[in-house]
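Single-structure report; data block below.
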Amino acid sequence: MGHQRIDKPSAQPQDELETTLYINQLGGGPNRNQAFVIDTHENLGFGQATVADWSIVAGPELGARIAGRAQGILFQSSHAEPILWTTILNLKFNNETFPGSTLQVMGFLPTDGDWSIIGGTGEFHLARGTISHKVVRDAPGDRLYEIYIHVYYTPKDQNK
């Protein structure tokens, strides 16, 4: 078998989106939106797993409009400090601009950091980019992340 040349299709137009949203992580109480599914007795909690169904909200204030859900799983993947949670999330939007569209993200969840956007659906076809996240509220059982999304994608009507 030899090498074959594959003709590449013409480049598709790309759109770019930069926006700031917020993710509300409720670890306790009657409205919690995450749960441990694997608990271990390992040093630093190594091997623990949590499922998440966090709300994505439009602003940092209580009662802000819900823009979608961040759903996925987190694994505590550190044997040593700093403790890092490997995070795999689907950000599903329900707002009027990107209804039903998703971004698939992956990375670590320390207090502040970045996730890679590794794909998308709906309006976010062929998505790639990053999401920077930082904690802006940290109370017992209630953490709010500010997320800055910078994504490139092929608009849905261009991929026919």
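The figures that follow rest on heavy atoms only: side chains count, while hydrogens, waters and symmetry mates do not.
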Taking the side chain as everything from C-beta on, heavy atoms only, tell me whether [X] gets closer than 4.5 Å to [Y].
X: R137; Y: L62; value: yes
X: D39; Y: Q48; value: yes
X: Q14; Y: T154; value: yes
X: T20; Y: E146; value: yes
X: S78; Y: F108; value: no

If Ile, Leu, Val, Met, Phe, Trp and Tyr residues are connected whenever their side-chain heavy atoms lie under 4.5 Å apart, and connections chain through other members, are [X] and [Y] in the same group?
X: Y152; Y: F124; result: no
X: I23; Y: F93; result: yes
X: L144; Y: I149; result: no
X: Y153; Y: Y148; result: no
X: L109; Y: Y22; result: no

Minimum heavy-atom distance [X]-[Y], with the two atoms named:
X: A64; Y: A58; answer: CB-N, 4.4 Å
X: L44; Y: E81; answer: CD2-OE2, 3.5 Å
X: G47; Y: I38; answer: O-CG2, 3.8 Å

Measure the [atom1]-[atom2] distance between [X] and [Y] for me, rounded to the nearest 0.5 Å.
X: L21; Y: I66; atom1: CG; atom2: CD1; answer: 12.5 Å
X: D142; Y: Q25; atom1: CG; atom2: CD; answer: 9.0 Å
X: Q76; Y: L84; atom1: CD; atom2: CG; answer: 7.5 Å
X: R128; Y: Q104; atom1: CZ; atom2: CD; answer: 15.5 Å
X: K92; Y: T102; atom1: NZ; atom2: OG1; answer: 7.5 Å
X: W115; Y: Y145; atom1: CH2; atom2: OH; answer: 7.0 Å

Side-chain donor/acceptor of [X] to backbone N/O of [Y], under 3.5 Å:
X: N94; Y: G68; value: yes
X: N24; Y: S55; value: no
X: S101; Y: E123; value: yes
X: T50; Y: L74; value: no
X: R69; Y: D53; value: yes

Worksheet item: For W85, which residues count as a side chain to side chain donor-acceptor pair (under 3.5 Å) partner, sequence neighbours excluded?
Response: none

Item to complete: Sequence neighbours left out, what passes side chain to side chain donor-acceptor pair (under 3.5 Å) with S132? Give chain and number order.
Response: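 For S132 the side chain to side chain donor-acceptor pair (under 3.5 Å) partners, ignoring immediate neighbours, are D114.
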
Worksheet item: For R32, does the CZ atom have more than 12 heavy-atom neighbours from other residues, nucleotides or ligands under 6.0 Å away?
Response: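 Open: at most 12 neighbouring heavy atoms sit under 6.0 Å from CZ of R32.
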
